[in-house]
Structure formats: structure tokens, C-alpha cells
Number of protein chains: 4
Amino acid sequence: MKKIFNHGKNDKHEQIIRAAIKTFARKGFYNTRISDIAKEANVADGTIYLYFKNKDTLLVSLFEESMDRIIGMVKGRLSHISDPIEKLCAFIEMHFELIRKDKFLAEVISVELRQSNKFIKEYKNIKFKEYLNIISGIIREAQEKGRVAKHLMPGILKRIVFGALDELTLIWVLAGDSKYTIENLRRDATEALIHGIALKNNPRGGNSEDPGNDKKSKRS
Amino acid sequence: MKKIFNHGKNDKHEQIIRAAIKTFARKGFYNTRISDIAKEANVADGTIYLYFKNKDTLLVSLFEESMDRIIGMVKGRLSHISDPIEKLCAFIEMHFELIRKDKFLAEVISVELRQSNKFIKEYKNIKFKEYLNIISGIIREAQEKGRVAKHLMPGILKRIVFGALDELTLIWVLAGDSKYTIENLRRDATEALIHGIALKNNPRGGNSEDPGNDKKSKRS
Amino acid sequence: MKKIFNHGKNDKHEQIIRAAIKTFARKGFYNTRISDIAKEANVADGTIYLYFKNKDTLLVSLFEESMDRIIGMVKGRLSHISDPIEKLCAFIEMHFELIRKDKFLAEVISVELRQSNKFIKEYKNIKFKEYLNIISGIIREAQEKGRVAKHLMPGILKRIVFGALDELTLIWVLAGDSKYTIENLRRDATEALIHGIALKNNPRGGNSEDPGNDKKSKRS
Amino acid sequence: MKKIFNHGKNDKHEQIIRAAIKTFARKGFYNTRISDIAKEANVADGTIYLYFKNKDTLLVSLFEESMDRIIGMVKGRLSHISDPIEKLCAFIEMHFELIRKDKFLAEVISVELRQSNKFIKEYKNIKFKEYLNIISGIIREAQEKGRVAKHLMPGILKRIVFGALDELTLIWVLAGDSKYTIENLRRDATEALIHGIALKNNPRGGNSEDPGNDKKSKRS
DNA sequence: AATGAATGAGTATTCATTCAT
DNA sequence: GATGAATGAATACTCATTCAT
């Protein structure tokens, strides 16, 4: 009965997920006890097993449900933008907006995802790939529209973009200090990724010719 | 006496570090047993404790010793290059070279570093910061020489570069497939980071004006 | 709710204490494994840690709870006796009665107490001092009533009495043989401690003059 | 060759025994590592095994060699005394003299002997029995000479005397404070054990009639 | 559904003892 | 004899998971 007013979300399920995010963020997956989460969620230890098969599954569920929300939001917003470069800027902006909105979740995803990716059996992490593929989709669209060089591989570029954003996420969530504002991070990330670190109007104009040249083709 | 022929390295110490790298890479820090490492190193479990205080310390030592070697090598090579943009290209190149040379170590650093950074008490990770600061050093030099825009913050750019490289490291070490070659990764990373994802000679020339604009200043 | 029918005692707590007493008595504290106690108590190893912080604490709890009961009983019974020498006799009698009633506990207290006293951190052993102070209380009362020489120090006498009883406890609990009955021990302990080893009606009357003389005042 | 000048004692053997006494006294047998003793003795860990079969044996050897010396000394001195009560006084005096001379050894014997007695396999502790039998020998002699009541059992009295002295040893070696001097302890121990705690010249003369009476024969 | 007491498999670490040098 | 590096058996304690209530 009460489910009717539950908007499709089970109260306890949500409670536990929130408690897990907070606790994993604070102590890390391996240093978090099920009882820590239960205490944070104000439920009994055993109750967690009514909603999640085990500790691994809890992390996976937490991650997938969060990514679902995020992906939906991001795709929705991008659908209103037509210019692919603008889309990329918007993606970056949303990434930092999400971090600001849910610091704990950002921390868990950024810090715990790699481990779980590798060591939780059977976990293929489709959602994360879907998130990355939003980026490569934008890149491909940009390449078709002549806005991104065709020889750059979207599968690599999406990782470059995500890697950069993820690393900036880390300094934001881990640093106690406020050395950089979210806005600083967003602005530099956008500019550096879109336009590159090097100034284009290089008087010598040289470095655009073969930026990827190896040492055998050193320029004079 | 026998130390004379030891090239300044303790045999068992090295043996254990190598075994730890291999095992942490394969199973992850938390899923690796001391006995796994001992077996891989062909020593008794107890022997590990003659060389390392505990499991945490083993990871930290492994990391610091490796970074020492890497930092020394990278700094040495960069000292022969004067152009800062070339230095950055060389840095990227060396990063991938190192990954190719020691895949296991690359994996451990890429996957385990974040966790250990946060959850191993007392670990401040000076070496990692030193590695990152090689990048920001190059950036600053480039800014002084007018090769990088002065409003970009070196502390952020270094993270963008490292984040991108680190993410590419992951796909190389984790992917069983050979979808991308190290050369692919290096070339795209160099080009994207140095010159940006977007084509500069954009006929409309538009998006370079304010790539970092926030949503309040949306262009029509 | 179920606690109401528990007579104020937790079942498992009691089970474990009893098992620990039995096992410590049989094998000694340092040679007893937690799993030995768990097996004797018919609980899982981990269950012991639900009731006791660790092995040391288990010994301390065992000791303190037992001493509480004993001290209560002894004080209760002594309160009905007015003559201090009779009190001392009653104390001695109760000591042996307790030993007979719980041989295992007597053994643990007699054999393990010294070690734990010294080597278990933070353990000040208030209860044991309280037990000893019952004796010194009786002595002081006797001194006030002129029944015990005032120059004897109660703090020393209490140790002499306890030491003698404790040593007799040992031969009773450790000796497999029944060379001496509890009644033998009680009778001789009472007589020797109250009246002394030497016969008083010594015809020569000599040795009572200065029993505590040092070697410098040797009699011819 | 050097053994000739060694007076039958091996240097290292003595060094190790001394180190063991000191270390066992400080940390207890079970909390002492062989390496602690080796360090204290300025020898290598392995060297200890050239002189003693194992850790248990070291404790036993330490104890037996010490007791041999003590028994020899005590017997020698007692042989010059004819009066048995004087002998007992002398025994008590020597006991405290020994404690003063070697506090560490006193502590080890007093604290560790009970445990080892019970838990070191095959150890029958002949020497300790011999020491106790010096006391019962004196008692028997005194009984023959009419100085000690014949109904008191020498096997029990020897334990009463030893137990009292041992307990006083404990307070002397364990107490950091100097609440009681050795002389206090000796004097009170001698007087209490020889003449009893209760004053003999009780005006009412009552309590000497049946000090060992049980509660069934309570006097009015 | 919810609880939380009970379980017991799992493991880092210690340290007595050995033995090649 | 002397060494001390190496060994590996031994164990207290933790914590994910279960299940009777």
C-alpha cells in the first residue's frame, strides 16, 4: 500500500544506497563494514541483505543506479544542443555540476570504480561505458561535421576527456583546501581539452604540423 | 661481501617487490594475500616481514621506489630538451614507454594508487606529487616563454595531462584486446592535449572565443 | 523480554566464563586457545568476542566477577561474627570451602593471577586488593581489641595469611594425590597462623623473647 | 683451553642465564622473545640454542642452577645452628637476604614458577621440592625436640611458611613503593609464623583451646 | 519485513627454531 | 663455536552472511 506513495522507490533501498555512498566515500569500500552502512542507514545489518545480495552487489547497484540517473540527465540536456563542440562544453560543465551536487557519490565513483571494475566478478560496468560513449558520440558527430580531426580515434578521445575530468574530480573531492574552485576546474578543463594546452597562435606556427611525432623526427 | 656483487640492491628485497607488483596487478591489493606474494617471490611468508613492516608498507615502498626510478629517468631525459612544448611531448612519450616496459607496475600505480593515497594512514605520497610537478614545471616554463596561455593554472593542467594519460594507461593495461596500440594512444594523447580536440582552423572560427563560457552566456 | 527469565545472567556470558575457567585451569592462560574455550562453551569462536573484548579481558572479567561473588559471600558471613580471631578462623575456613566448591576457579586464580596482575595492561586488580583487605580489616579490629600485637603491620600480616592459604590452595588443586584433605589444610593453617608454629609453653621459654632478632644479636 | 680458567662455568652460558633472568623478570616468560634475551646477553639468537635446548629449558635451567646455589648456601648456613626454631628464623632471614641480593631472580621464581611448574612438560621441579624440604626438615627436627606440636603436618607447615614468604617476596619485588622494608617483612613474617598472629597471653586465655575448630563446635 | 545474535571461514603477523656460512 | 637470515607453523580476531524470532 505504502508503495503507492513511494514513487517507485523503496524507502529502505534508498536509505541504504545513500548510507553506502556516504560511508564508502569516507572509508573506502574495503574499509567499510556492512554494519557501518547499517548504522548510517538506521537499519539492522540483516536488512541490507533483504535489498542487496551482498556487499559487492551493493556497490554495483549504487553505481548503476547513480549512473542511470546521470546518463538520463546528461542525454536529456545534450539533446537540446546541436553544435558538437558546444555539446562537449556542456558535457564538461554537467560533469562538474554533478560533482558539486553529490560530492560523496563523485568520490565513490572516482576512487572505488577502478578497483571494483577489476575485482568484482562478473561486473562488466555497462553503465560506465554508456557514460563514456556519450563523449565518443559527440566526438564522432563533431568529426562528421568537420569540427574534430578525423584521424583522432573517438575511443581514445573519450578516455582522454573522461580521464582529465576524473582527475580533476579527485582533487576537488579529496582536497580539504579550496585551492581551486569548481569554476576554475571547469574553465581550464574546457579550454585545455577543446583548444589544447599550447597556444595556437604560435609565432613560429610550428607545433601543429606533427605534434605526435616521435623523437626520431625531432624538429630543429 | 656478497653485497659487493649485489649492485646496491638487496636480492630478497627486489624479489619481493617484483612479486608484489605482479600479484597486486593481477589480484588487486585487497585481494592479494601475503602468502600469494611469498609464493610468487619464492620466499617464506615471514621473510616478507624482514624487509617490510607490513602489507601497507610493502605497497608504499613498491610505489616510492618505482617512482624514484621513474622520476630520475624522466628528469634526466627532459634536461636535454629546451623547448617546453617538446618537453611535454617527450613526457607523454616517456609515460607510454614506461607503461610498455612494465605493464604490471603501470597497472598497480594506476589502479591501486588512489585507494592507498586515501586509506593508508600516514602516507602522503610525496613521490607522486613530484611526478605531477614535472608536468606543472614544464607548463610554467611554457607560460614564461609565451607558449601556453598564462590564465591557465599549471596545478590544474598537470592534473588534466596526468588524468588523461592515466586513463589511457588503464585501457592499455586492463584491456585484453589490442584495440589500440601504445602508438595510437601516444599520438592521440599528444595531439589532443597539446592542440585540443577541436580543429583550430574552424572556418567559422567561433568556438575559440569563449570555450569556457558558462551557461549564462550562451551564444545563440 | 527473555532477559526477565534470565535471572540477571546472560546465558552465553556465563557459558563462556565457565568454559574459560575450566580451560584456563587445565591448560593455563597462555596455552589456551580461544577456539578451545569456544569448543568447551559450545559456541563459535566469534561469539566469544560478542561478550568479551579479547582474551585478556576474558581473564580479567572471569576474575572480577568471581571475586565479586566471593567477597560478597565472605563479607556477609563475617558480619555475623564479632570476635576478630573467630573472624580470622572463619575467613580461613571459607577460603578452603570456596576451593572445594570450585576447584577450577581456585586453580585459575592461584596460578594465573600473578601473571595477569603483572602483564595484562591496564589491570589494577581492585577486587583482589579488596579480598586481601578483608584480612587486614580483621587484623586491625583485633589489634584494637588487644588480640593481636600492635607492632605487627596489618598490610604484611594480610599477605602472610593470604600467601599461606594460596600456597595450600595450590597443593590441593595441583596434586593429583589426596595426601592432604581440605580439613587437614584448614586445621593446620588455622593453628599455625593463629598460634604460630612454635609451641608456646616452651619449658625454656626462650624463643619468644625476640623471634625477630637479626643475626647480630645471636644468642649463645 | 680457556675452560681451564673458567671455574667450570661457561661465560656465554652465564651471560645468557643472567639476561634471561633480567628479561623474564621485566616482561614475563610468555612475553619475552628469545631475541630479547639474545640482545640483553649480547649474543646472536642462534647462540642461545648452543647452550639451551629451547626456551622452556632455559627457564628450567635458570631455575635449577639458581636453586642449586641457594640450597647449598642455605644448608651450609643452617648446619651451624642447632636449635630448630633458630634454624627456622635463620631460614626466613636468608630468604629475604636472597631476595634483596637478586631481585630479578626473586621475581622470576615467584611469578613464573607456578606456570612453568604446571605447563612445562616433563618438569618435576625437584629443586623446588628440595628447598621446601629444608623447611619440613627443620619442622620435623623441632617436633622431635618438642618445639613444634606433633599433630601439625610438616608437609603442610612447609607450604604455609613458603607461601607466606613467597607472597611477601611479591610485594617487595613488584611494589615500586617502599611501603615496607625488607626488615619489616622479615620481622613480621618471623613473629607471625613462629608465634602466630594472635596474642598468646590473652587474658581470657580462650582462643588457644581449639583454634582449628569448625563451625559446628562454636563456643558460646 | 525487520532484526541482530550467532556463525566460522579467512589472514596478517609473530617468533621459536634451524642451518648455511 | 657464532651468527642472524630464513623459515613456516600457529592463532587471535574480524566481519560478511545467515536465520530464528
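Just the heavy atoms: all of them, side chains too, but no hydrogens, waters or symmetry mates, feed the values below. Chain A is the first sequence line, chain B the second, and so forth, proteins listed ahead of strands; every chain is numbered from 1.
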- Message: For residues 16-25 of chain B, which residue pairs pass the salt bridge (charged side-chain N to carboxylate O under 4.0 Å, His left out) check, not counting sequence neighbours?
- Response: R18(B)-D102(B), K22(B)-E40(B)
What are the atom names and distances for every N/O pair under 3.5 Å that joins the protein to nucleotides 18-21 of chain E?
none

- Who passes side-chain contact (heavy atoms from CB on, under 4.5 Å) against A25(C), sequence neighbours left out? F104(C), E107(C), V108(C)
- Query: Is I37(B) close to L58(B) at the side-chain level, that is, under 4.5 Å between some pair of heavy atoms?
  - Reply: yes
- Send over the distance from K55(C) NZ to dA10(F) P, rounded to a whole Å. 15 Å
- Identify, with sequence neighbours excluded, every residue that meets side-chain contact (heavy atoms from CB on, under 4.5 Å) alongside A106(A). I99(A), T169(A), V173(A)
- Query: Quick one: which of dT3(F), dA12(E), dT17(F) gets closest to the side chain of V43(D)?
  - Reply: dT3(F)
- Message: Can you list everything that forms a ring-ring contact (aromatic ring centres under 6.0 Å, His included) with Y49(B)? Sequence neighbours excluded, please.
- Response: none
- Message: Under 3.5 Å for both pairing distances: what stems, at least three Watson-Crick or G-U pairs long, include DNA chain F?
- Response: E:2-21 with F:2-21
- Could I get the full list of ring-ring contact (aromatic ring centres under 6.0 Å, His included) partners for F52(A), not counting sequence neighbours? H13(A)
- Listed partners of F24(C) passing ring-ring contact (aromatic ring centres under 6.0 Å, His included), at least two apart: F29(C)
- Just to confirm, is there a sub-4.0 Å distance from OP1 or OP2 of dA5(E) to any side-chain nitrogen or oxygen of K12(C)? no
- Message: Can you list everything that forms a salt bridge (Lys or Arg N to Asp or Glu O under 4.0 Å) with E112(A)? Sequence neighbours excluded, please.
- Response: none
- Query: Can you find a side chain N or O atom of Y51(D) that sits less than 4.0 Å from OP1 or OP2 on dA2(F)?
  - Reply: yes
- Item | Residues forming a side-chain contact (heavy atoms from CB on, under 4.5 Å) with V60(B), sequence neighbours excluded | E64(B), I120(B), Y123(B)
- Query: With K27(D), which residues qualify under salt bridge (Lys or Arg N to Asp or Glu O under 4.0 Å), at least two apart?
  - Reply: D36(D)
- Query: Base, sugar-phosphate, or nothing: which does L50(C) touch, judged by heavy atoms less than 4.0 Å apart?
  - Reply: base
- Query: On DNA chain F, nearest-nucleotide positions of T47(C) versus N42(B): which is more 5'?
  - Reply: N42(B)
- Of all of residues 24-33 of chain C, which get a heavy atom below 4.0 angstrom from DNA chain F, listed by number? T32(C), R33(C)
